[in-house]
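Nothing here was measured: the structure is a model prediction, and the numbers come from that model. Each ligand, and each atom within it, is numbered from 1 in the order the structure gives.
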Amino acid sequence: MQDTRRMKMQGKICLVTGSTSGIGKEIAAGLARMGATVVLVGRSKEKCESAIQDILAGGASADTFSYISADLSSQKSVRQLVREFVSNYDKLHVLVNNAGVFMSRRELTVDGIEYTLAVNHLGPFLLTCLLLDRLNGSAPSRIITTSSVAHRQMKIDFDDLQMKNRKYNGISAYGQSKLANILFTRELARRVQGTGITANCFHPGAVRTGLVRNSVYGLAWKAASLFFISPQKGADTALYLASSSEVEDVSGKYFVKRKQVQASDAAYDDNLAERLWKVSEELTGVALTQ
Ligand code: NAD
């Protein structure tokens, strides 16, 4: 059932990563259309400001937007983002972990971590853990993470999580990180159970964005994009998870097209989820006691 009442998010404060382009920009725009105050996160000030201008041109009100520049590949930058957010906002009702990358080549972040793992999993892991107090104090609150159907057929290789010892493969690195998004969501949901915080993730569909544009698969992606859905359609399930009363008590689930869907078998392996959580704590230096 569609739930499209306008202004249903009035009074809600939402933080959306990866919101200067693609699906994230449409999530930010959609939340603003529903009356929320939206804080965009992007690496460059210019891109954040230009995204806000684009969203305003679509009819949203200027006083509902702000942005924080941050690079999710850098743990120092994530910590700075949290400091800036908590010093400006007393509440956080919706956190959307949407930023993501597809990397053709193995690259390391400033922290010396494989880039895909860092941006797609460890960045959102650290950001979420550090914002949990705010989410707790704002409950009912929701955490939404953009995963992908690319998690299927994938595994978490704890012996070589960062692909140091084998030939790097962008598809495997991306798929592993998207499986990590689901395992993280399930373990997080278990840890915050009873607090009024929910955590869910979703696959947006095959969406016409620049995600793979600059990779070795760029040309094939561009050609296939003709058949992909628009970023606005790709944002729909995130907006549903952020706002619908139908999912206010649902947590730890994977959604496609607004429906709870069975993820891969690996995504339901509780030992894997717990082990990933511990490794993520070690790699980010953050510990969550809940
Ligand atoms: P996109 O490239 O338009 O969006 C990715 C966003 O992440 C960009 O705004 C980018 O600036 C941001 N980002 C990348 N690295 C960052 C960093 N180090 N620090 C901060 N921000 C960073 O592509 P998109 O398709 O809109 O991707 C959004 C999410 O959707 C990703 O998590 C992606 O894995 C997921 N997804 C996309 C598709 C698809 O078909 N496009 C399918 C499944 C899942």
Side-chain angles (χ1 to χ4, degrees), residues 15-30 39-52 54-55 67-81 96-103 107-111 113-127 144-152 154 170-171 173-182 184-185 201-215 217-218 220-222 224-238 254-257 261 263:
L15 184 69
V16 185
T17 70
S19 40
T20 59
S21 64
I23 299 162
K25 186 156 110 179
E26 293 300 334
I27 295 172
V39 182
L40 283 81
V41 180
R43 274 166 296 182
S44 93
K45 180 175 177 293
E46 291 71 28
K47 281 194 178 163
C48 289
E49 285 173 355
S50 142
I52 290 177
D54 288 352
I55 298 171
Y67 68 84
I68 301 175
S69 311
D71 183 342
L72 291 174
S73 73
S74 156
Q75 295 180 10
K76 188 175 162 198
S77 184
V78 173
R79 288 174 188 276
Q80 175 59 33
L81 157 62
V96 186
N97 288 312
N98 167 75
V101 286
F102 178 90
M103 303 290 290
E107 288 180 30
L108 298 184
T109 66
V110 286
D111 302 310
I113 294 172
E114 190 278 311
Y115 206 91
T116 312
L117 182 75
V119 174
N120 293 7
H121 169 61
L122 294 174
F125 175 84
L126 179 59
L127 181 64
I144 297 150
T145 300
T146 311
S147 179
S148 170
V149 71
H151 81 276
R152 294 194 184 280
M154 294 294 164
I171 292 175
Y174 180 76
Q176 176 180 256
S177 74
K178 292 291 140 182
L179 173 59
N181 291 155
I182 307 179
F184 162 64
T185 297
C201 59
F202 73 104
H203 166 62
V207 187
R208 208 177 306 121
T209 68
L211 183 71
V212 182
R213 194 170 35 213
N214 296 323
S215 77
Y217 303 105
W221 174 265
K222 199 173 164 200
S225 286
L226 294 172
F227 306 98
F228 289 179
I229 60 173
S230 68
Q232 194 169 10
K233 282 194 179 147
D236 178 70
T237 298
Y254 170 69
F255 284 77
V256 182
K257 290 188 183 164
V261 165

> Which ligand 1 atoms, with their elements, are less than 4.0 angstrom from a heavy-atom of V101?
Replying inline: 14 (C), 15 (N)

> So is A70 in contact with ligand 1, going by heavy-atom distances below 4.0 Å?
Replying inline: yes

>> Contact between V78 and L72 at the side-chain level, heavy atoms closer than 4.5 Å - yes or no?
In response: yes

>> I need the minimum non-hydrogen distance between P124 and F184, along with the two atoms involved.
In response: O-CZ, 4.2 Å

> Which atoms of ligand 1 have any heavy atom of H203 under 4.0 Å away?
Replying inline: 43 (C)

>> Counting non-hydrogen protein atoms only, what is the nearest one to atom 11 (O) of ligand 1? Give residue, atom name and distance.
In response: R43 NH2, 3.1 Å

> So, for G42 and T20, which heavy atoms are closest and what is the spacing to 0.1 Å?
Replying inline: CA-CG2, 3.9 Å

>> Show me which atoms of ligand 1 lie under 4.0 Å from any heavy atom of G18.
In response: 6 (C), 7 (O), 9 (O), 12 (C)

> In the protein, which heavy atom is nearest to atom 39 (C) of ligand 1, and how far is it?
Replying inline: V207 N, 3.6 Å

> Can any side-chain N or O of S44 pair as donor or acceptor with the backbone N or O of K47 at less than 3.5 Å?
Replying inline: yes

> So which heavy atom on T116 is nearest to which on A173, and how close?
Replying inline: CG2-O, 3.7 Å

> Starting from atom 36 (N) of ligand 1, which protein heavy atom do you reach first, and at what distance in Å?
Replying inline: Y174 OH, 3.6 Å

> For the residue pair L126 and R79, what are the closest heavy atoms and their distance?
Replying inline: CD1-NH2, 3.7 Å

>> Any heavy-atom pair between the side chains of K178 and N181 that's under 4.5 Å?
In response: yes

> Just heavy atoms, cut-off under 4.0 Å: does K25 contact ligand 1 by side chain, backbone, both, or neither?
Replying inline: neither

> Are the side chains of F102 and W221 in touch, meaning some heavy atoms are under 4.5 Å apart?
Replying inline: no

> Is it true that Y115 lies under 4.0 Å from ligand 1, counting heavy atoms only?
Replying inline: yes

> Hey, does the side chain of R43 reach the backbone of D71 with a donor-acceptor pair shorter than 3.5 angstrom?
Replying inline: no

> Atoms of ligand 1 less than 4.0 Å from S73 heavy atoms?
Replying inline: 18 (N)

> Can you tell me which residue and heavy atom of the protein come closest to atom 25 (O) of ligand 1, and the distance to 0.1 Å?
Replying inline: T209 OG1, 2.6 Å

> When you measure from atom 32 (O) of ligand 1 to each heavy atom in T145, T109, V212, N98, which option holds the nearest one?
Replying inline: N98

>> I need the nearest protein heavy-atom contact for atom 21 (N) of ligand 1: residue, atom name and distance, please.
In response: A99 CB, 3.8 Å

> Where do S215 and M103 land on the side-chain contact (heavy atoms from CB on, under 4.5 Å) test, with the steps shown first?
Replying inline: CA-CA 7 Å; S215 77; M103 303 290 290; over 6 Å; no

>> Once you restrict to heavy atoms under 4.0 Å, what part of P204 touches ligand 1? Side chain, backbone, both or neither.
In response: side chain

>> Closer than 4.0 Å to some heavy atom of G22 - which atoms of ligand 1 meet that?
In response: 3 (O), 26 (O)

> Which atom pair, heavy atoms only, marks the closest approach of A235 to E26?
Replying inline: CB-CB, 3.6 Å

> Would you say K178 touches ligand 1, if touching means a heavy atom closer than 4.0 Å?
Replying inline: yes

> If we only count heavy atoms from C-beta on, is the K25 to I55 side-chain gap below 4.5 Å?
Replying inline: yes

> Short N/O distance, under 3.5 Å, between S19 and ligand 1?
Replying inline: no

> For atom 27 (O) of ligand 1, what's the nearest protein heavy atom and its distance?
Replying inline: L211 CD1, 4.0 Å

> Counting only N and O atoms by type, is there a donor-acceptor contact under 3.5 Å from the side chain of N98 to the main-chain atoms of T146?
Replying inline: no

> Can you list the ligand 1 atoms lying under 4.0 Å from a non-hydrogen atom of D71?
Replying inline: 17 (C), 18 (N), 19 (N)

> Has W221 got any heavy atom lying under 4.0 angstrom from an atom of ligand 1?
Replying inline: yes

> Nearest heavy atom to atom 30 (O) of ligand 1: which of L72, L40, T146, V119 does it belong to?
Replying inline: T146

>> Regarding ligand 1, does A206 bring an N or O atom to under 3.5 Å of one of the ligand's N or O atoms?
In response: no

> What heavy-atom pair brings S73 and V119 nearest, and what distance separates the two atoms?
Replying inline: CB-CG2, 3.6 Å

> Which option out of S21, G205, A118 puts a heavy atom nearest to atom 38 (C) of ligand 1?
Replying inline: G205

> Hey, does the side chain of S19 reach the backbone of V41 with a donor-acceptor pair shorter than 3.5 angstrom?
Replying inline: yes

> Among protein heavy atoms, which lies nearest atom 5 (C) of ligand 1, and at what distance?
Replying inline: G100 O, 3.5 Å

>> Return the closest protein heavy atom for atom 44 (C) of ligand 1 as residue, atom name and distance.
In response: S147 O, 3.1 Å

